[in-house]
Amino acid sequence: MFEGILLVDKPIGWTSHDVVAKLRGVLKNQAGRKVKIGHTGTLDPLATGLMIVVVGSYCKRAEEFSKMDKAYDVAMKLGMTSDTADAEGQITKISDHEPFIEEIQKVVEQFIGVIEQTPPAFSAIKVNGKRAYELAREGKEVKIEPRKVKISYIKNLEYKYPNVNFLCKVSSGTYIRSLVTDIGKALGTGAYMSGLRRVSVGDYLIDQASTIDELINSDLNEKLMTKA
């Protein structure tokens, strides 16, 4: 037993590694032995929401799940930028301009479809064999080549300056921090990602996920899902 996937609602402040480490201990206690476990794509500590955790032989299928499209609830703050593109970084004031919602809507629409995106310097992408964020923390210049990603939609736009919220669906490999930064540049106001919640991965929805506490206090065999 102990084969399949667990849908986890990751809390803020936890790394993806933290989630796997906690559940590894729970699985070992319940199975009476070590059970293989892994995740299917990093979700930043500041982000919350759906993580797919693979258990047992499903660890070999991690890439299958990581390549699925993902949807996010995104919060961004206008008028400022961050060197990490999120609330953890060094914040710099850029502009006092308060755009109309129509301006934001028009700019956002430019990003729907296949676009070229440069991942942030503070990311786990390897540059010359080293993680980009390690080089960035050392103050070294990080050159990452742009890549093609697909933004299926950006909708449910809500706005009260300086805060913008929207729902977006994107292809695997898309960086929401970069999307927010690029929207801020196009608006001329600057922007950084102030909040992020992953609400779906492929056909799997956040409503199907369990919190860490719920998983700790349940029989994980009953929570595991299998996929043909």
Side-chain angles (χ1 to χ4, degrees), residues 5-16 18-19 39-53 62-78 80-82 84-89 101 104-105 107-120 122-125 133 147-160 162-187 190-212:
I5 60 171
L6 290 170
L7 303 184
V8 184
D9 186 348
K10 187 189 86 64
I12 194 165
W14 285 51
T15 65
S16 300
D18 291 337
V19 171
H39 64 76
T40 60
T42 301
L43 194 55
D44 290 343
L46 281 184
T48 66
L50 184 58
M51 255 186 75
I52 295 183
V53 172
E63 192 175 355
E64 174 188 331
F65 296 98
S66 69
K67 286 185 173 179
M68 292 175 174
D69 287 355
K70 299 167 181 70
Y72 297 90
D73 274 326
V74 184
M76 60 186 275
K77 187 162 280 191
L78 304 182
M80 292 165 275
T81 59
S82 163
T84 59
D86 62 18
E88 276 196 316
I101 191 168
I104 299 170
Q105 190 74 56
V107 164
V108 158
E109 286 170 1
Q110 298 170 14
F111 290 88
I112 298 171
V114 177
I115 62 169
E116 284 221 329
Q117 181 188 80
T118 302
F122 284 87
S123 64
I125 287 171
Y133 65 78
R147 57 186 61 190
K148 281 188 168 63
V149 297
K150 183 180 179 182
I151 314 296
S152 296
Y153 60 68
I154 300 176
K155 62 184 184 182
N156 298 359
L157 190 71
E158 296 176 3
Y159 174 50
K160 184 176 181 182
N163 299 305
V164 180
N165 295 81
F166 59 82
L167 176 69
C168 67
K169 182 180 178 183
V170 302
S171 62
S172 173
T174 303
Y175 279 85
I176 305 300
R177 283 180 290 150
S178 291
L179 176 62
V180 166
T181 298
D182 292 343
I183 290 171
K185 280 180 186 171
L187 278 168
Y192 69 87
M193 190 184 78
S194 53
L196 186 69
R197 182 164 176 76
R198 187 189 283 161
V199 294
S200 72
V201 177
D203 293 329
Y204 299 101
L205 307 176
I206 187 61
D207 291 347
Q208 300 170 279
S210 302
T211 66
I212 296 293

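From a predicted model like this one, the values you see are computed outputs, not experimental measurements.
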Should we count CD of Q110 as having more than 12 external heavy atoms under 6.0 Å?
-> yes
Over all atoms of both residues, closest heavy-atom pair of S82 and D86 = OG-O, 2.6 Å
Would you say S66's side chain and G41's backbone share a donor-acceptor pair under 3.5 angstrom?
-> no
Assess whether side chain to side chain contact (heavy atoms under 4.5 Å, CB included) is satisfied between V8 and I212, documenting all intermediate values.
-> CA-CA 7 Å; V8 184; I212 296 293; 3.8 Å; yes
Say you draw a straight line from NZ of K70 to CD1 of I176; how long is it, rounded to the nearest 0.5 Å?
-> 10.0 Å
Drop me the distance from L78's CG to S194's OG, to the nearest 0.5 angstrom.
-> 9.0 Å
N165 side chain near D73 side chain, heavy-atom distance below 4.5 Å = no
Heavy-atom pair with the smallest gap, counting every atom of A71 and Y153 | CB-OH, 4.3 Å
How many angstroms lie between atom CG of L50 and atom OH of Y72, to the nearest 0.5 angstrom?
-> 9.5 Å
Counting N and O atoms only, with roles assigned by atom type, does the side chain of Q117 sit under 3.5 Å from a partner on the main chain of T174, one being a donor and the other an acceptor?
-> no
Are any of the side-chain heavy atoms of I206 and R198 separated by less than 4.5 Å?
-> no
Go through the steps to decide whether M68 and T40 satisfy the test side chain to side chain contact (heavy atoms under 4.5 Å, CB included), and finish with yes or no.
-> CA-CA 10 Å; M68 292 175 174; T40 60; over 6 Å; no
Closest heavy-atom pair, T181 versus A85, reported as atoms and distance to 0.1 Å, is OG1-CB, 3.6 Å
Answer whether the closest heavy-atom distance between the side chains of L179 and F111 falls below 4.5 Å.
-> yes
Using a 4.5 Å cut-off on heavy atoms from C-beta on, say whether the side chain of V149 contacts that of I115.
-> yes
Take Q105 and Y159, measure what side chain to side chain contact (heavy atoms under 4.5 Å, CB included) needs, and give me the verdict at the end.
-> CA-CA 10 Å; Q105 190 74 56; Y159 174 50; over 6 Å; no
So, do L46 and L196 sit near enough that their side-chain heavy atoms are less than 4.5 Å apart?
-> no
Nearest 0.5 Å please: distance from the OG atom of S152 over to the NZ atom of K150.
-> 4.5 Å
N-O pairing of D44 and K10 below 4.0 Å = no
Atom OH in Y204, atom CD1 in I52: separation rounded to 0.5 Å?
-> 6.0 Å
Indicate yes or no: at least one non-hydrogen side-chain atom of H39 is less than 4.5 angstrom from one of V19.
-> no
Quick one: pull up CG in L167 and CD1 in I154 and give me the separation to the nearest 0.5 Å.
-> 10.0 Å
Verify, without hydrogens or angle tests, whether R177 (side chain) and M193 (backbone) share a donor-acceptor contact under 3.5 angstrom.
-> no
Indicate yes or no for a side-chain donor-acceptor contact from S16 to the backbone of L43 under 3.5 Å, with no hydrogens or angles considered.
-> yes
Which atom pair, heavy atoms only, marks the closest approach of D69 to S172?
-> OD1-N, 4.2 Å
